[in-house]
Amino acid sequence: MIVLGIETSCDETGVAIYHSQHGLLADCLYSQVSLHRDYGGVVPELASRDHIRKLVPLIKECLVKANITSVDIDGIAYTSGPGLAGALLVGACVARSLAWAWEVSALAVHHMEGHLLAPMLEKKRPEFPFVALLVSGGHSLLVKVADIGNYEVLGESLDDAVGEAFDKTAKMLGLDYPGGPALENLAKKGKPGCYKFPRPMTDRRGLDFSFSGLKTFAMNTWAQTAKTPQDKADIAFAFEEAIVDTLVIKCRRALRETGMETLVVAGGVSANKSIQEGLKRMAVEEKREVYFPRQAFCTDNGAMIAYAGYLRLSAAQEDPLPVTARPRWSLESLKPIKCRN
């Protein structure tokens with residue numbers, strides 16, 4: 001089976017082709033960072049229009065890279081949510097139209113399930129069951145994963161997600177968009193011990209997250225400094241350190257409470273090296289295993305959608321004909337399937 005995957009949930013246009021026997025045949029990605037930089041964040045209308053311009057050329061490019069034609073495609077998977085409504089509709093409409101023209105099945109894929117399954121694209125892949133930490137621009141979730149579609153959300157963000165907290169704090173410090181990577185780079189110049197930030201919601205039971213207060217703490221700290229470049233770097237270091245410690249504490253707790261031996265970490269924020277190092281240290285201490293996707297598959301991409309779609313299409317899952325875009329979509333509402341891959 002050969003599946004075309006389409007990702008247009010936010011500000012990256014991703015297209016990929018996955019082969020059931022040969023794996024990933026092609027992966028193409030276009031980022032809109034330069035388009036949104038002047039605005040300091042993603043402008044939904046501009047994102048949608050850019051997806052319209054870039055999606056079909058990327059599909060053609062992907063087919064050429066894979067050395068196949070549309071006749072070889074057996075199914076199309078597209079991100080149906082969560083995400084920006086207009087951006088999702090672009091991908092959904094193109095996917096449904098092509099599926100109709102090519103006479104193949106089209107399947108709506110949950111964006112966060114795509115992230116959750118991204119580590120499965122690596123040679124060394126996790127085995128079910130496991131605990132997943134999904135951290136992206138708009139989501140922070142701890143999920144108990146029994147199998148594909150059999151998900152139990154153990155904890156989630158009650159306000160700002162990790163990625164939002166990074167971006168908003170970076171903007172407050174006057175850093176360029178995208179804020180997360182900029183703050184990570186600045187934190188490397190910071191000195192340990194200059195500031196002590198709180199580790200939110202770690203002094204109580206449960207696995208939920210809250211990062212809005214941490215962002216406010218950083219803002220108040222910045223307001224009270226001399227605002228030198230070193231002050232800025234020290235605050236970035238303290239902020240990132242607090243994020244890392246909070247995620248480590250929550251993941252350790254989730255592994256112990258569920259008895260799981262494996263942690264999967266995915267989503268755009270999982271590309272942060274300090275977060276990766278902190279969770280790897282925790283896994284060694286707890287005698288657990290931790291898996292990350294490769295750097296290119298931490299952020300939004302078509303490969304994870306093509307793979308997730310392949311798994312569901314190969315299990316004979318089908319969607320009704322109407323185009324669907326779901327800006328809000330519960331991970332727990334997905335249909336379970338037995339993984340045979």
Side-chain angles (χ1 to χ4, degrees), residues 1-35 47-81 83-84 86-111 113-115 117-123 293-319 321 323-325 341:
M1 175 180 282
I2 300 178
V3 176
L4 172 70
I6 294 174
E7 156 62 28
T8 61
S9 65
C10 190
D11 61 339
E12 286 163 319
T13 312
V15 179
I17 297 172
Y18 186 85
H19 192 293
S20 56
Q21 293 180 323
H22 303 297
L24 194 63
L25 299 183
D27 175 41
C28 300
L29 184 70
Y30 172 78
S31 174
Q32 299 178 359
V33 166
S34 60
L35 176 66
S48 302
R49 293 182 182 186
D50 215 37
H51 286 309
I52 292 171
R53 285 191 289 266
K54 302 297 183 181
L55 185 51
V56 171
L58 274 182
I59 292 172
K60 291 178 179 179
E61 179 184 341
C62 234
L63 289 170
V64 171
K65 283 187 175 181
N67 195 29
I68 62 173
T69 68
S70 59
V71 176
D72 301 304
I73 298 295
D74 299 302
I76 301 176
Y78 64 95
T79 301
S80 181
L84 302 176
L88 292 168
L89 280 170
V90 174
C93 289
V94 171
R96 281 288 170 187
S97 299
L98 289 179
W100 179 269
W102 295 350
E103 298 182 338
V104 298
S105 298
L107 186 74
V109 172
H110 194 292
H111 180 72
E113 182 174 58
H115 277 305
L117 296 173
M120 302 290 185
L121 290 163
E122 308 304 327
K123 289 183 178 180
R294 73 190 74 168
Q295 200 79 354
F297 294 162
C298 288
T299 54
D300 295 349
N301 62 88
M304 67 183 191
I305 303 303
Y307 180 70
Y310 152 69
L311 292 176
R312 290 189 170 275
L313 286 167
S314 65
Q317 181 174 328
E318 294 185 16
D319 282 344
L321 185 60
V323 172
T324 55
N341 196 49

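Bear in mind the structure is a predicted one, so any value in this text is a computation, not a measurement.
The neighbour count for Q295 CD, taken as heavy atoms of other residues, nucleotides or ligands under 6.0 Å away, is above 12.
Side-chain contact between V64 and K60 is absent, with no heavy atoms from C-beta onward closer than 4.5 Å. With a 4.5 Å cut-off on side-chain heavy atoms, D50 and T13 do not count as touching. L4 places none of its side-chain heavy atoms less than 4.5 Å from the side chain of V104. The closest side-chain heavy-atom distance from L63 to D72 is not below 4.5 Å. Residues M304 and F297 are not in side-chain contact: their nearest non-hydrogen atoms beyond the backbone lie 4.5 Å or more apart. At a threshold of 4.5 Å between non-hydrogen side-chain atoms, the residues E113 and R312 count as touching. No side-chain heavy atom of V33 sits less than 4.5 Å from a side-chain heavy atom of E12.
Tested against V90, the residues L84, I52, I6 include a single side-chain contact (heavy atoms from CB on, under 4.5 Å) partner, I52.
Relative orientation of the H19 and H22 rings is tilted, given thresholds of 30° and 60° on the angle between their planes. Ring geometry, Y18 versus Y307: the interplanar angle exceeds 60°, so the pair is classed perpendicular (tilted spans 30 to 60°).
At least one donor-acceptor pair closer than 3.5 Å links the side chain of D74 to the backbone N or O of I2. With hydrogens and angles ignored, the 3.5 Å screen pairs a side-chain donor or acceptor of H51 with a backbone N or O of C10. Although no hydrogens or angles enter the test, the distance criterion places no donor-acceptor pair under 3.5 Å between the side chain of S9 and the main chain of G83. No donor-acceptor distance shorter than 3.5 angstrom exists from the side chain of Q317 to the backbone of D319, with no hydrogens or angles considered.
Put simply, CG on L35 and CZ on R53 are 7.0 Å apart, with the number rounded to the nearest 0.5 Å. Atoms CD and CD1, from E103 and I73 in turn, are 14.5 Å apart once rounded to the nearest 0.5 Å. We find the CG-NE2 distance between D300 and H115 to be 4.5 Å, quoted to the nearest 0.5 Å. Distance CD/E7 to CG/L29: 9.0 Å, rounded to 0.5 Å. From I68, atom CD1 reaches atom CD1 of I17 across 4.0 Å, with rounding to the nearest 0.5 Å. To the nearest 0.5 angstrom, N301 atom CG is 11.5 Å from C28 atom SG.
Across every non-hydrogen atom of A99 and I76, the tightest pair is N-CD1, 3.6 Å. A pairwise comparison of heavy atoms in G309 and L107 identifies O-CD2, 3.9 Å as the closest pair. Taking each heavy atom of D27 and G302 in turn, the nearest pair found is OD1-N, 4.3 Å. Residues V323 and A92 share a closest heavy-atom pair of CG1-CB, 3.5 Å. Annotation for C62 and A16: closest pair SG-CA, 3.8 Å, computed over non-hydrogen atoms. Here the closest heavy-atom approach between residue S48 and residue A87 is recorded as OG-N, 3.1 Å.
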From CA spacing to verdict: side chain to side chain contact (heavy atoms under 4.5 Å, CB included), I59, L98:
CA-CA 11 Å; I59 292 172; L98 289 179; 3.7 Å; yes
Stepwise side chain to side chain contact (heavy atoms under 4.5 Å, CB included) check, T79 with L88:
CA-CA 7 Å; T79 301; L88 292 168; 3.8 Å; yes
